[in-house]
Structure formats: structure tokens, C-alpha cells
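The next block holds one structure in the form of C-alpha cells; read it before the comments.
Letters go in sequence order (proteins before strands), and every chain restarts at 1.
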Amino acid sequence: MNYWLMKSEPDECSIDDLADAPGQTVPWVGVRNYQARNFMRDAMQVGDGVLFYHSSCPEPGIAGFAEVASSAYPDETQFDPDSPYHDAKARREEPRWLHVDVKLVRKTRLLPLPEMRSDPALVTMRTLQPGNRLSITPVSPVEWERIAELLG
DNA sequence: GCCAACGTTGGC
DNA sequence: GCCAACGTTGGC
């Protein structure tokens, strides 16, 4: 079992949107970074723990727990000319972009980014490293436990 | 809106 | 394969 932090812009899909989605599950479409794609394709397994992170918003931070609910499968938005995620170079015979489904486990209080940064147990988090921009990053069991502790 | 970091593109 | 230009991310 692995743990992950996945960033979502609340304008696009917030923790409340996830809670309101059918089956409290959303397809994590729109990842257009190879490293993040490879995490989903090669390392994620159904049941993996997910920290649902709100990014690019007034109060960035962890908004709840979720879990990986499917293995990776082709992202349809890459073939849709009307989608902001359209990729003109993607071919159906060999899809470039994949995604998993993510299911809500539990909404929590917001754990704000500054609180994460100030916690000595969390300084190792990949998402907190300078210059990191990956929308999906691995989380260690120790980091996961600490966050579970902070969020009760 | 700014800007640093970093990934991707494309000419050579 | 190099590398400059460009686009995106995301906190502030």
C-alpha cells in the first residue's frame, strides 16, 4: 500500500465537489505531466491512500482523505478538441495520458500549507520541497501518520 | 499580477 | 544531443 498527495484546484474540483460526485468518486483527468502520469500508471494501486490537496486558491492545504479507486486508464479528454486538456498529438491507438479514479474517504478540517511547513515531521514531504510543481507526489508512511494525527 | 522553478519544444 | 525560448505551475 502506497500513499499519495494529489493537488486539485478547488475551482475545478474541491473536496465538496468530490463529496457530491456520484459514488463520491471522480476521474482524475487532466494530468499532463509524464512523471505524474507514471506514478498513476506504474505505482498506484486500488486502495492506496490519497491526501486531497487544494492548490492555486486563497487557502492552500490538505482538505481530506481519499483513496485510489481504479487502476490507470486512458484519459478521454486528450481526444476532445473542445476540452482544455486536449492533446493534438495524442493518438487513440496509443493514448498518451492516463488517469485513475479517486474516491472520497473523509473530509477533514483544512490543514493549511503554512501549518504543514511548520511541522518538523512534514519537512520531508516532496510537495513542500522548493520548486516542486508535481501535481501527484508520493507520501511516506511516517508523513501519512503525522497528517492523520493532525487531522484527528 | 509577479516571479521562480522547471518541463517541453524545436531549430540547429 | 544541445540549449534557448516558451509555457505552466502555484505560492505569495
Dump the intermediate steps for side-chain contact (heavy atoms from CB on, under 4.5 Å) on Trp97(A) and Arg37(A), then the final yes or no. CA-CA 7 Å; Trp97(A) 304 112; Arg37(A) 180 202 68 182; 4.1 Å; yes

Rounding to a whole Å, what distance do you find between [X]:[atom1] and [N]:[atom2]?
X	N	atom1	atom2	answer
Asn132(A)	dC6(B)	CG	P	8 Å
Arg32(A)	dT8(C)	CZ	P	13 Å
Glu12(A)	dG10(C)	CD	C1'	14 Å
Tyr85(A)	dT8(C)	OH	C1'	13 Å
Asp11(A)	dG11(C)	CG	P	13 Å
Glu59(A)	dC12(C)	CD	P	12 Å
Leu128(A)	dG10(C)	CG	P	13 Å
Gln129(A)	dG10(C)	CD	P	15 Å

Minimum-distance nucleotide to [X] side chain [options: [options]]:
X	options	value
Lys7(A)	dG11(C), dG10(C), dT9(B)	dG10(C)
Arg133(A)	dG10(C), dG7(B), dC12(C)	dG7(B)
Tyr34(A)	dG11(C), dT8(B), dC6(B)	dT8(B)
Asn33(A)	dG10(C), dG7(B), dC12(C)	dG7(B)

Please evaluate residues Asp87(A) and Arg32(A) with respect to the criterion salt bridge (Lys or Arg N to Asp or Glu O under 4.0 Å), reporting the C-alpha separation (whole Å), side-chain torsions for both, the decisive distance (0.1 Å), and the verdict. CA-CA 9 Å; Asp87(A) 182 343; Arg32(A) 294 294 181 267; 5.3 Å; no

Using a strict 4.0 Å threshold on nitrogen-to-oxygen distance, state whether Arg92(A) and Glu76(A) make a salt bridge. yes

With nearest nucleotides of DNA chain B determined for Gln35(A) and Lys89(A) from heavy-atom distances, which residue corresponds to the more 5′ nucleotide? Gln35(A)

Whether Trp4(A) and Phe39(A) hold their rings parallel, tilted or perpendicular, with breakpoints at 30° and 60°: tilted

